[in-house]
Trainee: 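Got a structure here, written out as structure tokens. Questions coming.
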Amino acid sequence: MKIPATNEVSLPARIEVERRMLDRFMLRYELALQEIGARIEILRREFASVHEYNPIEHVSQRRKTPESIIRKAHRRGCELSLDSIGTNIRDIAGIRVTCSFSSDIYRVASMLVQQPDLEVTEYKDYIESPKPSGYRSLHLIIIVPVYLSDRVDRVPVELQLRTIAMDFWASLEHKIHYKYSGDVPRKLRDELLEAAEDIDRLDRKMERIHREMRDVKILNGDAEQDSS
Ligand code: 0O2
């Protein structure tokens with residue numbers, strides 16, 4: 001859409017045009033979230049029905065606010081145009097899937113990655129290699145096709161997958177980070193790192209118990225229902 005030159009239209013009319021352009025820009029991310037959300041829901045329901053087991057505990061999604069997009073664009077030194085933002089900021093749309101066990105994270109990710117019309121452009125495994133803060137999650141940037149009236153728009157969505165325990169840690173750490181405007185005291189940072197390691201141990205223990213239960217089920221002849 002062409003923006004009329006400043007001398008051709010009044011300021012309110014120009015603001016209105018820009019507002020519509022922003023709405024249209026943001027709409028593609030909302031539609032991409034709807035699309036990927038529907039695919040995750042299909043996987044969740046089908047998996048639960050076939051395997052009598054639900055690997056997905058919770059799904060949430062968010063679009064970055066225009067303020068947060070502008071902050072990130074500034075941080076990245078990215079030009080403040082919709083084209084440049086669309087190219088350089090890949091996590092305007094984000095969907096978070098919380099799973100019961102670490103193995104479920106990789107299972108859900110692989111079920112999505114195998115869908116032929118989804119393209120994975122980034123794969124960051126912060127479970128294998130946690131961030132220095134202790135943060136653990138699997139992050140994927142997935143290009144989602146959005147079928148519009150006259151074209152297919154290919155929209156990036158950041159998919160974050162984590163366990164309930166990782167999510168518990170990340171939400172507390174996020175609050176603390178926000179409260180201290182990023183300048184978290186050393187003692188608290190050390191405690192958070194320690195808690196992240198405790199959580200990792202807990203996740204591994206829960207995974208082991210889960211496997212033992214599965215083995216007991218197989219011994220009891222329930223293997224047909226539960227291949228988890
Ligand atoms: P929000 O509110 O979740 O949207 P950058 O986004 O520039 O920091 P990059 O490389 O684009 O870096 O993305 P990265 O680091 O792979 O993932 C960024 C997102 O992961 C963050 O989004 C958080 O959601 C989450 N994340 C990453 N590191 C941490 C961490 O140490 N603690 C917590 N609690 N979350 C983390 P946003 O946009 O920062 O926030």
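Indexing begins at 1, ligand by ligand and atom by atom, following the structure's order. Because the structure is a prediction, the values reported are computed rather than measured.
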Trainee: Which ligand 1 atoms are under 4.0 Å away from a heavy-atom of Arg75?
Mentor: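 With Arg75 as reference, the close atoms of ligand 1 come out as 7 (O).
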Trainee: Considering only non-hydrogen protein atoms, determine which one is nearest to atom 25 (C) of ligand 1 and report residue, atom name and distance to 0.1 Å.
Mentor: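 Scanning the protein heavy atoms, the shortest distance from atom 25 (C) of ligand 1 goes to Tyr135 OH, 3.4 Å.
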Trainee: Under a 4.0 Å threshold between the charged nitrogen and the carboxylate oxygen, would Arg136 count as salt-bridged to Asp125?
Mentor: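 No, this pair does not count.
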Trainee: Side chains of Tyr180 and Arg189 only: does a donor on one sit below 3.5 Å from an acceptor on the other?
Mentor: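 Their side chains do not contain a donor-acceptor pair, so the 3.5 Å distance test is not met.
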Trainee: Give a yes or no on whether a salt bridge exists between Glu207 and Arg204, defined as a side-chain N under 4.0 angstrom from a carboxylate O.
Mentor: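 The answer is no: the pair does not qualify as a salt bridge.
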Trainee: Taking atom types as modelled and ignoring hydrogens, do the side chains of Arg96 and Gln61 form a donor-acceptor contact shorter than 3.5 angstrom?
Mentor: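 There is no such pair (donor and acceptor under 3.5 Å, judged by atom type) between the side chains of Arg96 and Gln61.
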Trainee: Could you tell me the residue and atom name of the protein heavy atom closest to atom 20 (O) of ligand 1, and the distance to it rounded to 0.1 Å?
Mentor: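 Answer for atom 20 (O) of ligand 1: His139 CE1, 2.9 Å.
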Trainee: Answer with yes or no whether the side chains of Thr163 and Asp203 bring together a donor and an acceptor at under 3.5 Å.
Mentor: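 Yes - a donor-acceptor pair under 3.5 Å links their side chains.
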Trainee: Could a heavy atom of Arg96 be found less than 4.0 Å from some atom of ligand 1?
Mentor: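 Heavy atoms of Arg96 do come under 4.0 Å of ligand 1.
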Trainee: Would you mind checking which non-hydrogen protein atom is closest to atom 19 (C) of ligand 1, with the distance to 0.1 Å?
Mentor: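 Of the protein heavy atoms, Gln160 NE2, 3.5 Å lies nearest.
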Trainee: Could you find the nearest protein heavy atom to atom 33 (C) of ligand 1 and give me its residue, atom name and distance?
Mentor: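 Here the nearest protein heavy atom works out to Glu173 OE1, 3.2 Å.
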Trainee: Regarding ligand 1, does Ser133 bring an N or O atom to under 3.5 Å of one of the ligand's N or O atoms?
Mentor: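 It does: an N or O of Ser133 is found under 3.5 Å from an N or O of ligand 1.
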Trainee: Could you check atom 38 (O) of ligand 1 against the protein and tell me its nearest heavy-atom contact, residue, atom and distance included?
Mentor: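 For this ligand atom, the closest protein heavy atom is Lys64 NZ, 2.6 Å.
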Trainee: Check this for me: does any side-chain nitrogen of one of Arg186 and Asp190 sit under 4.0 Å from a carboxylate oxygen of the other?
Mentor: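 Looking at Asp190 together with Arg186, the answer is yes, because their closest N to O distance falls below 4.0 Å.
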Trainee: Write out the residue and atom name of the closest protein heavy atom to atom 4 (O) of ligand 1, then the distance separating them to 0.1 Å.
Mentor: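 Minimum-distance protein heavy atom for atom 4 (O) of ligand 1 reads Arg62 NH2, 2.7 Å.
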Trainee: Looking only at protein heavy atoms, which one is nearest to atom 5 (P) of ligand 1, and how far off is it?
Mentor: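 Residue, atom and distance for the closest contact: Lys72 NZ, 3.6 Å.
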Trainee: Do Ser100 and Glu57 pair up side chain to side chain, a donor and an acceptor below 3.5 Å, judged on atom types alone?
Mentor: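 Yes, Glu57 and Ser100 have a side-chain donor paired with an acceptor closer than 3.5 Å.
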Trainee: For atom 2 (O) of ligand 1, what's the nearest protein heavy atom and its distance?
Mentor: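 Minimum-distance protein heavy atom for atom 2 (O) of ligand 1 reads His174 NE2, 3.9 Å.
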Trainee: Do the side chains of Val17 and Arg14 get nearer than 4.5 Å, heavy atoms only?
Mentor: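 Contact flag for Arg14/Val17 side chains = no.
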Trainee: Check ligand 1 against Lys124 and write out every atom of the ligand that is under 4.0 Å from a heavy-atom position of the residue.
Mentor: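 It comes down to these atoms of ligand 1: 9 (P), 10 (O), 13 (O), 14 (P), 16 (O).
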Trainee: Could you list which atoms of ligand 1 come closer than 4.0 Å to a heavy atom of Ala170?
Mentor: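 Atoms satisfying the 4.0 Å criterion: 34 (N).
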Trainee: Can you list the ligand 1 atoms lying under 4.0 Å from a non-hydrogen atom of Tyr126?
Mentor: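 Answer, ordered by atom number: 14 (P), 15 (O), 16 (O).
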Trainee: Would you mind listing which atoms of ligand 1 come within a distance below 4.0 Å of any non-hydrogen atom of Asp91?
Mentor: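 Counting from 1, the qualifying ligand atoms are 6 (O), 38 (O).
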Trainee: Assess the pair Tyr53 and His210: is the distance between their ring centroids shorter than 6.0 Å?
Mentor: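 When the ring centroids of Tyr53 and His210 are compared, they turn out to be within the sub-6.0 Å range.
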Trainee: Go through the steps for Val146 and Val152 under the test side-chain contact (heavy atoms from CB on, under 4.5 Å), then give the verdict.
Mentor: CA-CA 6 Å; Val146 175; Val152 181; over 6 Å; no
Trainee: Relative to atom 9 (P) of ligand 1, which among Glu158, Glu122, Arg63, Arg76 owns the nearest non-hydrogen atom?
Mentor: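 Comparing heavy atoms across Glu158, Glu122, Arg63, Arg76, the nearest one to atom 9 (P) of ligand 1 lies in Arg76.
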